[in-house]
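To keep things clear, I will list the structure first and then write my remarks on it.
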Amino acid sequence: MTERSAEILFERAKKVMPGGVNSPVRAYKSVGLTPRFIERAQGNRIYDTEGNEYLDYVGSWGPMILGHADPAVIAAVKEKAEKGLSFGACTEAEVELAELITSNIAHVEMIRMVNSGTEAVMSALRLARGYTKKDKIIKFEGCYHGHSDAMLVKAGSGAMTFGDPDSAGVTRGAAEDTLLARYNDLESVETLMKENRDEIACVIVEPTAANMGVVPTAEGFLKGLRELCDRYGALLLFDEVITGFRLAFGGAAEYFGVRPDLVTYGKIIGGGMPVGAYGGSREIMENVSPCGSVYQAGTLSGNPIAMAAGLATLHRLLKEPELYDRINAMGKYLADGLREKCGFTVNQLGSLVCMFYTHDPVTDYQSAASSDTQGFAHVFRELLKRGIYVAPSQFEAMFLNICFTEEELDRTIEIYSEIVAEGR
Ligand code: HOZ
């Protein structure tokens, strides 16, 4: 064991950080291993401090759609960094990124940059409430919208992984205006709207859930939400932190052809740097301070280095729209292969893939939670030994990036099927 081995580093980490990590799922608790410590990454490969190389299906949980250390993104970051890291003042780069997005996504007429998806959602909810003058929010079981108090109610991702979908420390007051509906179930939404007539500020949804594993919305579900929101006077908020710029440049809204009133972004919009954003129509967005009375601010918001990474990433995606056809086709190829060779339920939409350790359809929180998580943990440990790096939780997605080749996907399918055939 060297002083850079994962065991030694994790022992040090646990003494000074809760669970040894800065974000819970990274602790590998649910898979019973010591986490890998990552030193560098390139394209679709990631390397740990012990010199191991892995094929990376995490991609920093979504942002790295162009692969790690993309030359154009790195060059843009270096160029900007040499001019200073942060000014807490207006810059040209933030105007360029806002223009790029608003001129290519019809439902985003104005946008506000923040620093994370959590911050984007928290701010967008405040805006929805400020604009509608209503308090209640409808959220879906198993959807994850970051870790602000009101959203930690039956939440997915790490909260679901560790069996704490309702976090301690959230006051009854903070959670009582969050109403829970069943994912892919329009009736449950309409019932809440009827019971809380004229009180619903917005419905927030992951337009393809990717934090209870990948659970695509059923045919007509998003259109149905649009109609219900219009009928009952609520805003429709798409949380596109994962799906934005991934399913299509215009995210799930473009992919499914449904227009949300508000949208939140994260991950790809920052090209690997910490960026989140929320946007919508001019009429709604002009309620944000200093135009309007919904307050929200941030010293690092619109940070020039983060804007440069986001711009370089989005420019490439806009210039080469065929990348979406390729990456989405790869997602289907991987999912079809895994399904055929392993026999389990595999959900996929675009470049988001997830194998559930069940033979039953997974369409909502309950069916996702029925997956055999011990089976997942076993496969995870074997994958890691054989050089495949996936998220250490059943309730996260496999993210593809444009660097994958068909041969690598075939190898992955082969390795998965060997592990499943060997049994536990
Ligand atoms: N829960 C986050 C993904 N859905 C994990 C992020 C991280 O650990 O970096």
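All residue numbers refer to positions in the sequence shown, counting from 1. In listed order, ligands and their atoms are each counted from 1. Note that this is a predicted model, so its numbers are computed, not measured.
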Less than 3.5 Å apart, any donor N or O on the side chain of Asp410 or Tyr333 sitting next to an acceptor on the other? yes

N/O separation below 3.5 Å, Tyr144 to ligand 1: no

NZ/NE/NH1/NH2 to OD/OE distance under 4.0 Å, Arg386 and Glu422: yes

Heavy-atom contacts with Glu396 under 4.0 Å: which atoms of ligand 1 show up? List them by number with element. 1 (N), 3 (C), 4 (N)

Which residue and atom name correspond to the protein heavy atom nearest atom 1 (N) of ligand 1, and how close is it? Ser157 OG, 2.6 Å

Residue from Tyr389, Phe399, Phe404 passing ring pair (Phe, Tyr, Trp, His ring centres under 6.0 Å) with Tyr57: Phe404

Could you tell me how the ring of His359 sits relative to the ring of Phe344: parallel (under 30°), tilted (30 to 60°) or perpendicular (over 60°)? parallel

Tell me which protein heavy atom sits closest to atom 9 (O) of ligand 1, plus the residue, atom name and distance to 0.1 Å. Arg26 NH2, 2.8 Å

Does ligand 1 have a heavy atom under 4.0 Å from the side chain of Asn211, from its backbone, from both, or from neither? side chain

Any side-chain donor near an acceptor of the partner, Arg112 and Gln296, under 3.5 Å: yes

